[in-house]
Student: 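Below you will find the structure I want to go over with you.
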Amino acid sequence: MLDIKVIREQPAYVKEQLARFQVDAAIVDQVLGYDERRRTLLREVEDLKALRNSVSKEISTLKDADSRETKIREMRTVGDRISLLDKEVAQVEQEQQAAMLEIRNLPHPDVPDGADDTANPVIAQEGEERQLGFAAKPHWELVEALGIVNFEQGVKLAGSRFYVMRGLGARLQRATIQWLLDLHLGQGYEEVYTPFVVKEAALWAAGQLPKFRDNLYRDEESGLWLVPTAEVPITSLYADEILDASRLPIYHVAYTPCFRKEQLSAGRDVRGMKRGHQFDKVEMYMFTFPDQSYAALEKLRSDAEECCRLLGLPFRTKILCTGDIGFGAAKTYDIEVWAPGQGEWLEVSSCSNVEAFQARRANLRYRPEPGAKPEYLHTLNGSGLGLPRTIIAIMENYQQEDGSIVVPEVLRPYMGGCEVIK
RNA sequence: GGGGAGAUGACGGAGUGGUUGAACGUGCUCGUCUCGAAAACGAGUAGGGUGUAAAAAGCCCUCGGGAGUUCGAAUCUCCCUCUCCCCGCCA
């Protein structure tokens, strides 16, 4: 959510920035209209309440029954007017809030214009689009031959876009999660384990709602939603709280499964494990002072890149353009790893500074100094890393001509010393 | 699933219709005292909104959440949520 003060004071700037996302300026005018009306109503109703309060006090001291009756009758009328206005205020407030929740975050000056993901500039790269000395196979062929992933069983259990991992495949996944968590612990993150279902409010706070409603799984009976990313529960970890400045910055890392309906056109990304309705992810998340969030974003990015580097995967980092950056983000880096079997770069991490966008939605603040007014803090999130794609890249990069897969050295301790999956 | 108790400020804990945004205690901050500390004493210590160039003052709202009664509600009524205890059931 944007700061209403910024909208009020710099509407032209807000409109201009939103225009870069093809967002109609009308929504800004709409918000301004609600805001103006709300404040007008507020002034009137608050004056009346002040009147009522003082007269009520007066009534309690009046001895004379007649004048007492007169005042009470007067205040009855005032009370009616107040409840009428109160309802109007509530109505306008709700409309204003609803409109505010629809407005995306404003981009950081670094964010370039661009139509879609093909316009994201590459800003760093380590490693090449490596060619193996033989015909590289896509991962779905490798895993089927090795019997470590079973796609049919996934379909049998839950339908398309689900799969079952088994044996060393399952273990490779578990090892990777474990290793990633341990790595981030060493980078200064505190591990959290959260519920995998959350209340609706958490989805609004994180900015998943209203936009991604159709992509989320929900249990009607309990009103709980399956998390699409650990970012959602972590954002609300401290919602409605005022954190002491001494606690900041807070860095968290969490493993969760992620559930997304991903209603894509049939035929797109259907092969293999690249895009399922359920996948695992290790997520990094930061709560920082506003003036430190961009330095934190660089740490986040470098911590994510370190995962790729240590796994020995060629990777490159892009900065997302206006056509690709997410709803809540002010600036985002995507990290992609090379998958020689499929012959494409796979996005394994997305690191974003959302500034105060989520903090406002989650009512998440800190107190700069004892006695000072609370301020919204900044939050950042970054995958470190997304699992199936990391595993895909591992399998496709470490495959050998005979179809076996060498286990990256850093993962071997987590695989009981296993060096090759064959 | 059945029965009972409760939800007040950072914490403990008063308060059952009229200067109670809230006694009292603890904690915290500042000051006095002290060589320094402790103790003692004094003062201060919620959030939001509106207001303002920005502040401040003033005003409004907030005693789990919502609706209601009333001139006036932390105090009365209804609904919801959550917490705790007992019984049953089950991983």
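Protein chains get the first letters and strands the later ones, always in sequence-line order, with residue 1 at the start of each. The shown structure was predicted, so the numbers you read here are calculated from the model rather than taken from an experiment.
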Student: For nucleotides B:C41 and B:C84, find the distance between their C1' atoms and express it as a whole number of Å.
Tutor: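 Here B:C41 and B:C84 have their C1' atoms 41 Å from each other.
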Student: Rounded to the nearest Å, what distance is computed from the NZ atom of residue A:Lys373 to the P atom of nucleotide B:G47?
Tutor: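 Atom NZ in A:Lys373 sits about 7 Å away from atom P in B:G47.
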Student: When you get a sec, tell me which of B:C71, B:C60, B:G48 is the closest nucleotide to the side chain of A:Asn53?
Tutor: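 That would be B:C60.
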Student: Can you tell me how far C1' in B:G9 sits from the matching atom in B:G15, rounded to whole Å?
Tutor: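 Per the computed distance, 14 Å lies between those C1' atoms.
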Student: To the nearest Å, give me how far apart CG (A:Leu364) and C1' (B:G48) are.
Tutor: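 For the pair A:Leu364 CG and B:G48 C1', the rounded distance is 16 Å.
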Student: So does A:Arg76 get a side-chain nitrogen or oxygen closer than 4.0 Å to the phosphate oxygens (OP1/OP2) of B:U70?
Tutor: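 A:Arg76 to B:U70 OP1/OP2: no side-chain N or O under 4.0 Å.
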Student: If the test is side-chain contact (heavy atoms from CB on, under 4.5 Å), which one of A:Asn381, A:Leu380, A:Asn105 qualifies with A:Asn353?
Tutor: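 Of all the options given, the one that passes is A:Leu380.
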Student: Does OP1 or OP2 of B:G47 have a side-chain N or O of A:Arg365 closer than 4.0 Å?
Tutor: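 False: A:Arg365 side-chain N/O out of range (4.0 Å or more) of B:G47 OP1/OP2.
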Student: Toward the 5' end of RNA chain B, which comes first, A:Ile242 or A:Glu9, by nearest nucleotide?
Tutor: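 Whichever sits nearer the 5' end wins; that is A:Ile242.
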Student: Is there a donor-acceptor contact under 3.5 Å linking the side chains of A:Tyr414 and A:Asp182?
Tutor: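 Looking only at side-chain atoms, A:Asp182 and A:Tyr414 do form a donor-acceptor pair, the distance falling under 3.5 Å.
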Student: Looking at A:Tyr294 versus A:His108, is the centre-to-centre ring distance below 6.0 Å?
Tutor: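 Yes - the distance between ring centres of A:Tyr294 and A:His108 falls below the 6.0 Å cut-off.
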Student: Distance between the C1' atoms of B:C76 and B:G17, in whole angstroms?
Tutor: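 Rounded to whole Å, the distance is 8 Å.
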Student: Counting Watson-Crick and G-U wobble pairs only, both distances under 3.5 Å, name the nucleotide matched with B:G1, or none.
Tutor: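 Paired with B:G1, as far as the under-3.5 Å criterion goes, is B:C87.
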Student: In whole Å, measure the gap between the C1' atoms of B:G31 and B:A23 for me.
Tutor: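 Their C1' atoms lie roughly 25 Å apart.
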Student: Using atom NZ of A:Lys5 as one end and atom C1' of B:G49 as the other, report the distance to the nearest whole Å.
Tutor: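 Taking atom C1' of B:G49 as the reference, NZ of A:Lys5 is at 10 Å.
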Student: Provide the Watson-Crick or G-U wobble partner of B:U50, both distances under 3.5 Å; none if there is no partner.
Tutor: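 Check on B:U50: paired to B:G58, both distances under 3.5 Å.
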Student: Taking the same atom, C1', in B:C87 and in B:C78, what whole-Å distance lies between them?
Tutor: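 The same atom, C1', in both gives a distance of 29 Å.
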Student: Using whole Å, report how far CD of A:Glu69 lies from P of B:U70.
Tutor: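 Answer to the nearest Å: 14 Å.
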Student: Across the strands shown, which category fits A:Arg81 at heavy-atom distances under 4.0 angstrom: base, sugar-phosphate, nothing?
Tutor: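 Nothing, no nucleic acid heavy atom in range.
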Student: What interatomic distance, in whole Å, is found between P of B:U77 and the corresponding atom of B:A7?
Tutor: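 Each nucleotide's P atom is 14 Å from the other's.
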Student: Give a yes/no on whether any side-chain N or O of A:Arg43 is located under 4.0 angstrom from OP1 or OP2 of B:C60.
Tutor: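 For A:Arg43, the contact criterion (side-chain N or O under 4.0 Å from OP1 or OP2 of B:C60) is not met.
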Student: On a plain distance test, is the side chain of A:Arg360 in donor-acceptor contact with the base of B:G48 below 3.5 Å?
Tutor: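 Under the 3.5 Å cut-off, the side chain and the base do not form any donor-acceptor pair.
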Student: Quick one: A:Tyr366 OH to B:G47 C1', roughly how many Å, whole number?
Tutor: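 These atoms are roughly 17 Å apart.
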Student: Compute the ring centroids of A:Tyr251 and A:Tyr285, then answer whether they are less than 6.0 Å apart.
Tutor: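 No: the rings miss the under 6.0 Å criterion.
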Student: Without decimals, in angstroms, what is the distance between A:Tyr34 OH and B:U50 P?
Tutor: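 Answer to the nearest Å: 18 Å.
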Student: From the set B:G49, B:G48, B:C71, return the single nucleotide nearest to any side-chain atom of A:Met75.
Tutor: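 Closest of the options to the side chain of A:Met75: B:C71.
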Student: Write down the distance separating the P atoms in B:U29 and B:U19, rounded off to the nearest Å.
Tutor: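 Per the computed distance, 34 Å lies between those P atoms.
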Student: Is the distance between the ring centroids of A:Phe162 and A:Phe151 less than 6.0 Å?
Tutor: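 Here the rings of A:Phe151 and A:Phe162 have centres that are no less than 6.0 Å from each other.
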Student: Round to the nearest Å and state the distance from A:Glu93 atom CD to B:G48 atom C1'.
Tutor: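 So the two atoms are 11 Å apart, to the nearest Å.
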Student: Run A:Arg301 and A:Glu305 through salt bridge (Lys or Arg N to Asp or Glu O under 4.0 Å) and show every step you take.
Tutor: CA-CA 6 Å; A:Arg301 167 193 160 188; A:Glu305 288 174 341; 2.9 Å; yes
Student: Taking any strand in view, what nucleotide pairs with B:C78 in a Watson-Crick or G-U wobble way, both distances under 3.5 Å?
Tutor: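 Matched B:C78 with B:G66 under the 3.5 Å cut-off.
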Student: Look at the side chain of A:Leu42 and decide which nucleotide, out of B:C61, B:C59, B:U50, has an atom nearest to it.
Tutor: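 Nearest nucleotide to the side chain: B:U50.
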Student: Look at A:Arg38 and B:U50 and indicate whether a side-chain polar atom (N or O) is within less than 4.0 Å of OP1 or OP2.
Tutor: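 It does, given that an N or O in the side chain of A:Arg38 lies less than 4.0 Å from OP1 or OP2 of B:U50.
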Student: Where the side chain of A:Arg39 is concerned, which of B:C71, B:G51, B:G48 is the nearest nucleotide?
Tutor: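 Nearest to the side-chain atoms of A:Arg39, counting from C-beta on, is B:G51.
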Student: Just the rounded figure in Å: distance from C1' of B:A57 to CD of A:Glu46.
Tutor: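 That distance rounds to 15 Å.
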Student: Picking from B:A54, B:G68, B:A46, which would you name as closest to the side chain of A:Lys87?
Tutor: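 Looking only at side-chain atoms, A:Lys87 lies closest to B:G68.
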Student: I want to confirm an ordering. Mapping A:Arg52 and A:Ile4 to their closest nucleotides on RNA chain B, which one lands closer to the 5' end?
Tutor: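 Its nearest nucleotide being more 5', the pick is A:Ile4.
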Student: Taking the six-membered ring where the residue is Trp, are the ring centres of A:Phe259 and A:Phe279 under 6.0 Å apart?
Tutor: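 Not under 6.0 Å, so no.
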Student: Suppose we define a pair by two distances each less than 3.5 Å, Watson-Crick or G-U wobble; what does B:U16 pair with here?
Tutor: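 B:U16 is paired with nothing.
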Student: Using purine N1 to pyrimidine N3 plus N6-O4 or O6-N4 for Watson-Crick, or N1-O2 and O6-N3 for G-U wobble, each under 3.5 Å, what pairs with B:C41?
Tutor: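 Result: B:G31.
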Student: Among the nucleotides B:G47, B:C61, B:C71, which one has an atom lying closest to any side-chain atom of A:Lys49?
Tutor: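 Out of B:G47, B:C61, B:C71, the nucleotide with an atom closest to A:Lys49's side chain is B:C61.
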Student: Provide the distance between the two P atoms, one in B:G68 and one in B:G25, to the nearest whole Å.
Tutor: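 Those two atoms are separated by 39 Å.
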Student: State whether the number of non-hydrogen atoms from other residues, nucleotides or ligands found under 6.0 Å of A:Lys199 atom NZ is greater than 12.
Tutor: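 Open.
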